[in-house]
Amino acid sequence: MSTWKETFTLNTGAKIPAVGLGTWLSAPGEVRGAVKAALEAGYRHIDAAAIYNNETEVGQGIKDSSVPRSEIFLTSKLWNNDRHAKDVEKALDASLKRLDTDYLDLYLIHWPVNFASGESRFPQTPSGAIDLADIPISETWGAMEKLVDSGKVKAVGVSNFNERRIDELLVTAKVVPAVNQIEAHPWLQQKQLKEWHDRKGIHITAYSPLGNNIYGKPRVLDDPAIQEIASSVGEGVDSAQVLIAWAVQRGTSVVPKSVTVKRIESNFRKVYLSDEAMEKLSSLDKNQRYNAPIDWGVDVFDSSNPEAIKAAVAEYERTHPVKK
């Protein structure tokens, strides 16, 4: 069985493996084995984050695999409550300790949203809403740039940023982000955003490439059109393999998540999509976004109306009462 060996070259000159293992929504007790299985199957790209609450297990899985750290491209992310310059390096150090490593290959600002600093990862106002902070991106990005100089990270980037937000970052940046990790799949292709990134030399990593089922929405993985394409590609080819191949063939790296050994191995099987199959997949775009946390009180993607945001915040307050 042929597996994914392709890489993409970042604007730093480093190479990022085209297919990695995502660890978002991987429960404690499952991640360690998943990371070990992925590395033993040939993966060399592991995507982690502080907010996933499983970095310790990710580090254990890396150690269990016996794959040298130097052969692994390891990403983690700065959470929203660590955006003041004084907090950025401390947050990185905490991730490095949990991951049991001396450096990251890539460190991303997880969201273009700032929470109040402190121990709580989801700080709240007295009414129960998320306690937001007004911190200029120049402050956070300047601190991120210093991490590269320190040698603790080899590259820095962002996640869930649109053109406007990256343009704002670039006004004062000395270092252009190497990567923007965004949700992308045939139902949310973000073609204009990808073309813009190509012109800027910023690589895109796609998360939730198969869709996800935590919001009760139909999954892209279950689209009959995609299943039909999988059947036409070859014997034993499934929809997940098609979606992963689509992501790579359009020039993005991709981090599908699984904790099942057979699925981890299956996702790493390389399949090739014809021009016709790529065109069919490209025709499926419906701007279906799974992950848009407007209940934080921020229009992250400049696509939500104020009333919808207000209603989402009110619901968050109702379901997250502040403990007296």
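Nothing fancy with the numbering, it's 1 onward along the sequence.
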Could you grab the distance from atom CD1 of Ile264 to atom CG of Leu39, nearest 0.5 Å is fine?
-> 9.5 Å
Arg318 and Glu315 ion-paired at < 4.0 Å | yes
Pairs where residues 67-78 contributes a residue and the test salt bridge (charged side-chain N to carboxylate O under 4.0 Å, His left out) is met, not counting sequence neighbours = Arg44-Glu71, Asp47-Lys77, Arg69-Asp105
So, Asp100 and Lys63, do they make that salt bridge, N to O below 4.0 Å?
-> yes
Evaluate the criterion salt bridge (charged side-chain N to carboxylate O under 4.0 Å, His left out) for residue pair Asp285 and Lys191; output intermediate values, then yes/no.
-> CA-CA 9 Å; Asp285 201 355; Lys191 295 176 184 177; 5.1 Å; no
Here the gap from Leu210 atom CG to Leu243 atom CG, rounded to the nearest 0.5 Å, amounts to 5.5 Å
Distance (rounded to the nearest 0.5 Å) between Glu168 CD and Asn162 CG = 10.0 Å
Does the ring centre of His320 sit less than 6.0 Å away from the ring centre of Phe122?
-> no
Classify the side-chain pair Ser76/Glu55 by whether it contains a donor and acceptor separated by less than 3.5 Å.
-> yes
Check: Asn11 side chain, Ile202 main-chain N or O, donor-acceptor pair, under 3.5 Å = no
Ionic contact status for Asp64 with Arg32, cut-off 4.0 Å | yes
Val158 versus Pro112: any side-chain heavy-atom pair under 4.5 Å?
-> no
Of all heavy-atom pairs linking Tyr107 and Val153, the shortest is CB-CG1, 3.8 Å
Hey, quick one: are Leu108 and Tyr103 part of the same hydrophobic cluster, counting side-chain heavy atoms closer than 4.5 Å, chains of contacts allowed?
-> no
Do Arg269 and Asp238 sit within salt-bridge range, that is, some charged N less than 4.0 Å from a carboxylate O?
-> no
Take Glu145 and Trp141, measure what side chain to side chain donor-acceptor pair (under 3.5 Å) needs, and give me the verdict at the end.
-> CA-CA 6 Å; Glu145 291 174 329; Trp141 190 250; 3.1 Å; yes
Apply salt bridge (charged side-chain N to carboxylate O under 4.0 Å, His left out) to the pair Lys146 and Asp149, showing each step before the final yes or no.
-> CA-CA 5 Å; Lys146 290 179 181 178; Asp149 296 334; over 6 Å; no
Are a donor atom and an acceptor atom from the side chains of Lys270 and Thr3 found within less than 3.5 Å of each other?
-> no
Should Leu74 and Ile62 count as side-chain neighbours, where that means a heavy-atom distance under 4.5 Å?
-> yes
Salt bridge or not for Lys97 and Asp93, using N-O below 4.0 Å?
-> no
Transitively linked via ILVMFWY side-chain contacts under 4.5 Å: Leu169 with Ile135?
-> no
How far apart are the C-alpha atoms of Glu276 and Lys280, what are their side-chain angles, what is the distance that settles it, and do they pass the salt bridge (charged side-chain N to carboxylate O under 4.0 Å, His left out) test?
-> CA-CA 6 Å; Glu276 181 182 2; Lys280 287 181 179 178; 3.6 Å; yes
Would you say Glu163 has more than 12 foreign heavy atoms packed within less than 6.0 Å of its CD?
-> yes
Any idea which heavy atoms bring Phe268 and Ala41 closest together, and the distance?
-> CD2-O, 3.6 Å
